[in-house]
There are 2 protein chains.
Amino acid sequence: MHLILIEHIQKFVTLEPAEIEILDSALRVSKLKKKELVLQEGQICNDMYFVVKGCLRQYIINTKGSEQTLQFAIENWWMTDYLSYHNLIPSHFYIQAVENSEVIVIEKSSMELLLLQIPKLERYFRIVAQKSFGAGQMRIKFLFTMSAEERYHHFNTLHPEFVQRVPQYMIASYLDFSAEFMSKIRSGKV
Amino acid sequence: MHLILIEHIQKFVTLEPAEIEILDSALRVSKLKKKELVLQEGQICNDMYFVVKGCLRQYIINTKGSEQTLQFAIENWWMTDYLSYHNLIPSHFYIQAVENSEVIVIEKSSMELLLLQIPKLERYFRIVAQKSFGAGQMRIKFLFTMSAEERYHHFNTLHPEFVQRVPQYMIASYLDFSAEFMSKIRSGKV
DNA sequence: TTTATTTCTTGAAGTACTTCAAGTTTTTTA
DNA sequence: TAAAAAACTTGAAGTACTTCAAGAAATAAA
């Protein structure tokens with residue numbers, strides 16, 4: 001049983017036993033090794049990933065050839081490239097496991113089938129997407145109004161466990177400053 | 001008849017005549033004067049707005065007391081503060097008409113009713129939210145990887161009509177640089 | 001039209017960051 | 001456990017912007 005996802009869904013909609021049955025048999029778990037890629041730039045994103053355990057990140061490779069993390073997903077978060085997924089266009093992003101991770105993968109075709117069989121899931125995914133969009137708006141607010149140092153302390157206060165788990169250079173690029181500058185912030189040299 | 005919205009919905013789901021009837025009678029149009037606010041910081045956002053004509057923007061007032069635009073919505077776009085809307089928490093944002101505008105307002109209570117009466121709308125709003133989130137991800141990519149000048153030219157190429165309609169200082173803050181710097185970019189002095 | 005208000009421009013001075021390069025520490029692999 | 005790889009630190013030099021202040025131009029109001 002894919003309990004973690006089913007419980008997450010039931011926070012937003014109530015499923016009948018029969019629906020849980022359908023859902024459960026449609027899901028499959030995939031174990032990802034640290035650094036394993038599930039999406040690469042140029043590919044069409046055909047899956048949605050729900051993190052059961054571990055951590056994924058979405059990143060790009062910029063013109064200087066270095067990686068910039070745009071998004072993290074930890075337990076109970078969905079990760080995908082919605083634009084590539086919906087419009088069938090090549091993705092601009094990489095999606096990678098930051099740690100050894102366990103994810104539930106739902107392919108697009110199987111997702112469409114599920115949404116027909118269990119229309120309540122439309123509601124669940126609507127709410128998830130709307131909340132994610134709301135979180136994204138807050139992120140832009142923080143990026144626009146806080147200095148690098150403020151963003152670091154804010155993130156560190158909000159997600160202290162996370163800062164331990166993930167390499168600093170990934171967090172630095174997620175907060176839109178260089179790894180070197182982050183090092184200076186941490187040591188108080190700025 | 002609120003044709004523009006109904007047509008927009010029918011791009012994603014097919015509505016029965018009876019459903020159109022229900023929908024149509026639940027909607028109301030509101031005319032907004034230029035600069036009119038529909039949401040202020042600290043208020044709980046209780047509505048969703050669909051722009052029929054004109055333009056809305058979401059902005060904040062930063063610590064220096066100046067406005068920063070985080071989001072625009074033109075014809076066929078939805079605008080709301082999803083975080084405040086879903087979690088019933090005070091909004092961090094202002095939402096304002098940039099021009100004299102016509103919007104369709106749906107209050108939360110009426111939205112919940114509509115979603116029960118026309119479950120297909122769950123699908124519509126799911127797709128809209130997922131696509132919006134996808135667009136937000138691209139926005140962050142552009143903010144992270146392009147210089148101010150590149151962001152300006154990129155935006156200008158993508159939305160040339162828009163740059164005419166909206167004061168430059170709003171676009172400057174949306175692209176995360178100062179109005180003065182935008183002026184210098186435009187005159188080639190940089 | 002006249003006046004008031006809003007928006008845009010310009011240059012000079014300042015700053016919050018980046019980049020580079022080299023060394024150190026930590027983690028992973030064999 | 002040694003060796004290799006990945007991640008972090010440090011300082012020096014550079015730069016892409018911001019801020020300020022003042023004036024000009026465009027738009028709206030009277």
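Letters A, B, ... mirror the listed sequences (proteins, then strands); counts begin at 1. These numbers were taken from a predicted model, which means no experiment stands behind them.
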Verify whether the ring centers belonging to His8(B) and Phe50(B) lie closer than 6.0 Å.
-> yes

Calculate the interatomic distance between [X] atom [atom1] and [N] atom [atom2]; express it in whole Å.
{"X": "Asn100(A)", "N": "dT27(C)", "atom1": "CG", "atom2": "P", "answer": "16 Å"}
{"X": "Lys35(B)", "N": "dT6(C)", "atom1": "NZ", "atom2": "C1'", "answer": "6 Å"}
{"X": "Gln164(A)", "N": "dA7(D)", "atom1": "CD", "atom2": "C1'", "answer": "15 Å"}
{"X": "Met182(A)", "N": "dT9(D)", "atom1": "CE", "atom2": "C1'", "answer": "13 Å"}
{"X": "Leu143(A)", "N": "dC17(C)", "atom1": "CG", "atom2": "C1'", "answer": "15 Å"}
{"X": "Asn62(B)", "N": "dT18(D)", "atom1": "CG", "atom2": "P", "answer": "12 Å"}

Is it true that [X] and [Y] have a side-chain N and a carboxylate O under 4.0 angstrom from each other?
{"X": "Arg165(B)", "Y": "Glu75(B)", "value": "yes"}
{"X": "Glu99(A)", "Y": "Lys34(A)", "value": "no"}
{"X": "Lys189(A)", "Y": "Glu180(A)", "value": "no"}

Kindly say whether His2(B) contributes a backbone atom to a donor-acceptor pair with the side chain of Asp24(B) at under 3.5 angstrom?
-> yes

Taking the side chain from Arg123(B) and the backbone from Glu122(A), do they hold a donor-acceptor pair closer than 3.5 Å?
-> no

Using the ring-ring contact (aromatic ring centres under 6.0 Å, His included) rule, pick out the option among Trp78(B), Phe133(B), Tyr82(B) that qualifies with Phe133(A).
-> Tyr82(B)

Identify, residue by residue, the members of residues 165-178 of chain B with a heavy atom below 4.0 Å from DNA chain C, and return them in order of residue number, or none.
-> Pro167(B), Gln168(B), Tyr169(B)

Test side chain to side chain contact (heavy atoms under 4.5 Å, CB included) applied to Gln58(B) and Ile140(A), step by step | CA-CA 12 Å; Gln58(B) 179 196 54; Ile140(A) 294 207; over 6 Å; no

Compute both the distance and the angle, then confirm whether Arg139(A) meets the cation-pi test with Tyr174(A): under 6.0 Å from the six-membered ring centre, within 45 degrees of the axis.
-> yes

Polar atom pairs between nucleotides 10-16 of chain D and protein, under 3.5 Å, N or O only, would you list them?
{"from": "dT10(D)", "atom 1": "OP1", "to": "Lys189(A)", "atom 2": "NZ", "distance (Å)": "3.1"}
{"from": "dT10(D)", "atom 1": "OP2", "to": "Ser187(A)", "atom 2": "OG", "distance (Å)": "3.4"}
{"from": "dT10(D)", "atom 1": "OP2", "to": "Lys189(A)", "atom 2": "NZ", "distance (Å)": "3.0"}
{"from": "dT10(D)", "atom 1": "O5'", "to": "Lys189(A)", "atom 2": "NZ", "distance (Å)": "3.1"}
{"from": "dG11(D)", "atom 1": "N7", "to": "Lys184(A)", "atom 2": "NZ", "distance (Å)": "3.1"}
{"from": "dG11(D)", "atom 1": "O6", "to": "Lys184(A)", "atom 2": "NZ", "distance (Å)": "3.4"}
{"from": "dA12(D)", "atom 1": "N6", "to": "Lys184(A)", "atom 2": "NZ", "distance (Å)": "3.4"}

Could you check Leu70(B), Thr80(B), Ile61(B) and say which one makes a side chain to side chain contact (heavy atoms under 4.5 Å, CB included) with Phe93(B)?
-> Leu70(B)

Polar-atom pairs under 3.5 Å, protein N or O versus N or O of nucleotides 22-28 of chain D: list them with distances, or write none.
{"from": "dA28(D)", "atom 1": "OP1", "to": "Lys34(B)", "atom 2": "NZ", "distance (Å)": "3.4"}

OP1, OP2 of dC8(C) versus side-chain N and O of Arg186(B): anything below 4.0 Å?
-> no

Would you call the rings of Phe72(A) and Phe162(A) parallel, tilted or perpendicular if under 30° counts as parallel and over 60° as perpendicular?
-> perpendicular

